Amino acid sequence: QVQLVESGGGLVQPGGSLRLSCVASGNFLSINTMNWYRQAPGKQRVSVALIDHRGSTNYADSVKGRFTIRRDNAKNTMYLQMNSLKPEDTAVYYCKLRTALGQEYWGQGTQVTVSS
C-alpha cells in the first residue's frame, strides 16, 4: 500500500509564504504524475500544479508566477512552494500520486489559511 504524508500547512498572512511537502512511502513501481489540488469551502477540488515523470510542470492560471512544484525522486517527496499568498488561496490542499499503471493515491489534506 502507498501512503502520502503531507506537512507544511498552517496560518499565514497575506503576502507570506509556505512550503508544503508530500512524502510517499510504500510499494509502488513508478510514479507517472504528482499533483497538488486544493478545495475551498463550497467549491470543487481543482488541480493547481502538476509535475510529470520527466519533470515537466503545469500550473493553474490562478497560481502561475507564485507557486512552484518540485519533486525529489530520491526521497519520493514533492514540494509546493507558495509565495505571495492571497486570501483566495485559502483551501485544503491535497497531494495526489498517479503511478505508471494508473493507480491513484491521495494525501489526507492540509489546511492553508491566508489571513491577517
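Values below: every heavy atom of this structure, side chains too, minus hydrogens, waters and symmetry copies. Since the model is a prediction, treat every value here as computed from it, not as a measurement.
Of the possible polar contacts, none joining the Glu6 side chain to the Cys22 backbone as a donor-acceptor pair under 3.5 Å is found. A donor-acceptor pair is defined here as one N or O able to donate and one able to accept, closer than 3.5 Å; such a pair exists between the side chain of Thr77 and the backbone of Lys75.
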Without placing hydrogens or testing angles, list every side-chain donor-acceptor pair under 3.5 Å for residues 79-88, not counting sequence neighbours.
residue	atom	partner	partner atom	Å
Gln81	NE2	Asn83	OD1	3.0
Asn83	OD1	Ser17	OG	2.9

- request: Would you sort out whether Ile51 and Ser56 count as a side-chain contact (heavy atoms from CB on, under 4.5 Å), showing the intermediate values?
  value: CA-CA 5 Å; Ile51 186 166; Ser56 298; over 6 Å; no

field: From CA spacing to verdict: side-chain contact (heavy atoms from CB on, under 4.5 Å), Asp89, Arg38
entry: CA-CA 9 Å; Asp89 295 318; Arg38 70 184 183 189; 2.9 Å; yes

- prompt: For Lys96 and Arg45, what are the C-alpha separation, side-chain angles and deciding distance, and is it a side-chain contact (heavy atoms from CB on, under 4.5 Å)?
  reply: CA-CA 12 Å; Lys96 187 191 78 174; Arg45 187 178 300 182; over 6 Å; no

message: Applying side-chain contact (heavy atoms from CB on, under 4.5 Å) to Gln108 and Tyr94, what does each step give before you reach the verdict?
response: CA-CA 7 Å; Gln108 79 285 352; Tyr94 301 87; over 6 Å; no

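Closest approach of Cys95 to Met78, counting heavy atoms only: CB-CE, 3.6 Å. Across every non-hydrogen atom of Arg54 and Arg71, the tightest pair is N-NH2, 4.1 Å. The two residues Pro14 and Ser116 make their nearest non-hydrogen contact at CD-N, 3.7 Å.
A side-chain N or O of Ser47 and one of Asn35 form a donor-acceptor pair less than 3.5 Å apart.
Put simply, Phe67 and Leu18 are part of the same group of oily side chains (I, L, V, M, F, W, Y) that touch within less than 4.5 Å, one to the next. Residues Val12 and Leu20 share a hydrophobic cluster, clusters being chains of Ile/Leu/Val/Met/Phe/Trp/Tyr side chains in contact below 4.5 Å. Tyr37 and Val114 fall into different hydrophobic clusters, where Ile, Leu, Val, Met, Phe, Trp and Tyr residues are linked whenever their side-chain heavy atoms come under 4.5 Å apart, directly or through other members. Residues Val112 and Val63 fall within the same hydrophobic cluster, defined by Ile, Leu, Val, Met, Phe, Trp and Tyr side chains chained together at heavy-atom separations under 4.5 Å. Linking ILVMFWY residues whenever their side-chain heavy atoms come closer than 4.5 Å, directly or via other members, places Tyr59 and Tyr93 in the same cluster.
Atoms OG1 and CG, from Thr57 and Leu50 in turn, are 8.5 Å apart once rounded to the nearest 0.5 Å.
Taking 4.5 Å as the limit, some side-chain heavy atom of Leu97 sits within range of a side-chain heavy atom of Leu4.
Figure legend: Arg98 and Tyr105 shown without cation-pi pairing, the cationic atom not lying both under 6.0 angstrom from the six-membered ring centre and within 45 degrees of its axis.
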